[in-house]
Amino acid sequence: MDENKLEKDDIITLPDGTVKAVSELETKWYVLHTFSGYENVAKENLETVVEKFNLQDRIFDIIIPMEDVVEEKNGKKKLVQRKAMPCYILVKMKYADDLWHNVTRTRGITGFVGPKGRPLALNEEEVMKLRLEKIKVEVDLAVGDNIEIIDGPLNGMIGQVVSVNPDMNTISVNVEMFGRVTPVDLEFSQVRKIN
């Protein structure tokens, strides 16, 4: 049997000495440190490692945190995306010691963020703050409704709903920005309906 490939019924020992089957491991978010400017390379290389060692049932998602910011160049304002946490990527995985070498030996990754380089999972509050997990939100929004943006770089702007996507918890809104109407995609949690 390939020592890097574990089946869901295989038994492993966790860092605290607990013995569990792979299928019983908890899925959590972890932060990985990368070389400066190597976030995209590290993500691609880790995706290759997941495929090479068949880790799809252990590593589920790899994210480079991005944020929308308004930049001004030559007197013109523009909405752009940039890395929210340079030198870091986030990974959703079922961690056990057997994965440590696979992840930390990946080109571009310097190690896990945690005490002495040992993985420390993000707590629930941190996961929500970083918007890593989508929460199903019930909202009473329809096309044509007026909304106020209550979170993000467009905070305080008023707009009109163009489309609603309940499966993704998102809406498309037209807002007047920089002297013209601009379509913007937002999450339900970023808006408030106004009368």
Side-chain angles (χ1 to χ4, degrees), residues 27-48 50-51 56 59-93 108-109 112-113 120-195:
T27 304
K28 294 185 177 183
W29 283 96
Y30 296 89
V31 181
L32 297 173
H33 191 268
T34 68
F35 291 115
S36 180
Y38 276 75
E39 299 87 355
N40 293 331
V41 171
K43 179 183 180 198
E44 290 170 12
N45 290 337
L46 189 54
E47 288 168 347
T48 302
V50 168
E51 280 188 38
Q56 293 86 349
I59 298 177
F60 304 101
D61 205 358
I62 305 165
I63 294 176
I64 299 171
M66 303 296 280
E67 64 183 351
D68 291 329
V69 292
V70 177
E71 285 186 353
E72 190 173 338
K73 262 189 180 174
N74 302 328
K76 292 186 178 184
K77 293 182 180 180
K78 190 165 117 179
L79 189 63
V80 296
Q81 274 203 327
R82 70 173 182 202
K83 292 178 177 89
M85 299 167 50
C87 298
Y88 296 97
I89 59 175
L90 304 168
V91 180
K92 184 177 186 177
M93 65 193 313
I109 295 174
F112 281 91
V113 172
L120 184 63
L122 295 175
N123 62 37
E124 212 172 295
E125 185 180 317
E126 292 166 328
V127 169
M128 292 304 149
K129 192 181 276 187
L130 292 169
R131 294 190 184 134
L132 296 174
E133 299 289 334
K134 299 288 183 200
I135 304 168
K136 193 71 175 165
V137 179
E138 294 292 324
V139 292
D140 181 28
L141 289 173
V143 173
D145 286 348
N146 291 320
I147 58 94
E148 178 184 3
I149 301 171
I150 58 172
D151 186 29
L154 304 177
N155 189 7
M157 296 186 94
I158 306 294
Q160 189 172 46
V161 177
V162 177
S163 68
V164 180
N165 186 344
D167 295 331
M168 298 296 291
N169 286 342
T170 60
I171 60 171
S172 288
V173 178
N174 279 339
V175 292
E176 190 171 324
M177 187 167 39
F178 319 127
R180 65 177 187 209
V181 175
T182 306
V184 178
D185 291 328
L186 299 165
E187 294 180 14
F188 288 164
S189 61
Q190 293 181 282
V191 300
R192 169 176 72 83
K193 185 176 178 180
I194 55 177
N195 296 329

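The figures that follow rest on heavy atoms only: side chains count, while hydrogens, waters and symmetry mates do not.
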What distance separates Ile150 CD1 from Asn155 CG, expressed to the nearest 0.5 Å? 8.0 Å
Would you say the side chain of Trp29 lies within less than 4.5 Å of the side chain of Ile63, judging by non-hydrogen atoms? yes
Salt bridge (charged side-chain N to carboxylate O under 4.0 Å, His left out) against Glu148, all qualifying residues, sequence neighbours excluded: Arg192
Residue pair Phe188 / Pro166: nearest heavy atoms and the distance that separates them: CZ-CA, 4.0 Å
pair Val113-Leu120: side-chain heavy atoms closer than 4.5 Å: no
Any residue meeting salt bridge (charged side-chain N to carboxylate O under 4.0 Å, His left out) with Lys92, in chain and number order, not counting sequence neighbours: Glu133
Do Met157 and Val173 have side-chain heavy atoms sitting under 4.5 Å apart? no
Taking side chain to side chain donor-acceptor pair (under 3.5 Å) as the cut-off, I'd like each qualifying pair that reaches into residues 174-184, sequence neighbours left out, listed once. none
Expected output: side-chain Ser172 to main-chain Asp185 donor-acceptor under 3.5 Å: no
Can you name the nearest heavy-atom pair linking Gln160 to Gly144, along with the distance? NE2-O, 3.2 Å
Is Glu126 reaching over with its side chain to a backbone N or O of Asn123, donor-acceptor style, under 3.5 angstrom? yes
For the residue pair Gly152 and Gln190, what are the closest heavy atoms and their distance? CA-NE2, 4.2 Å
Test side chain to side chain contact (heavy atoms under 4.5 Å, CB included) applied to Met93 - qualifying residues, sequence neighbours left out: Tyr30, Ile59, Val91, Tyr95, Leu99, Val103, Phe112
Side-chain touch Val191/Leu141, heavy atoms, less than 4.5 angstrom: yes
For residues 63-92, which residue pairs qualify under ring-ring contact (aromatic ring centres under 6.0 Å, His included), counting only residues two or more places apart or in two chains? His33-Tyr88
Which pair of heavy atoms, one from Ile109 and one from Ala42, lies closest together, and at what distance? CG1-CB, 3.8 Å
Nearest 0.5 Å, please: how far is CD1 in Ile194 from CG in Asn146? 5.5 Å
Do you know which two heavy atoms are closest between Leu132 and Leu90, and how far apart they sit? CD2-CD1, 3.5 Å
Nearest 0.5 Å please: distance from the CD1 atom of Ile64 over to the OG1 atom of Thr34. 8.0 Å
Is there any salt bridge (Lys or Arg N to Asp or Glu O under 4.0 Å) pair reaching into residues 73-91, and which pairs are they, with sequence neighbours excluded? Glu39-Lys83, Glu67-Arg82
Working to the nearest 0.5 Å, report the span between CD1 of Ile62 and CG of Asn45. 10.0 Å
Interatomic spacing from OG1 in Thr48 to NZ in Lys43 - rounded to 0.5 Å: 11.5 Å
In short, Ser36 meets Cys87 closest at the heavy-atom pair CA-SG, 3.5 Å
Can you establish whether the number of heavy atoms outside Glu125 located under 6.0 Å from its atom CD is more than 12? no
Check whether any side-chain heavy atom of Gln56 sits under 4.5 Å from a side-chain heavy atom of Val50, and report yes or no. yes
Under the 3.5 angstrom rule, does the side chain of Lys193 hit a backbone N or O of Asp140 as a donor-acceptor pair? yes
Leu46 CG to Leu32 CG distance, which is reported to the nearest 0.5 Å: 6.5 Å
Can you tell if the side chain of Asp68 reaches within under 4.5 Å of the side chain of Val184, non-hydrogen atoms only? no
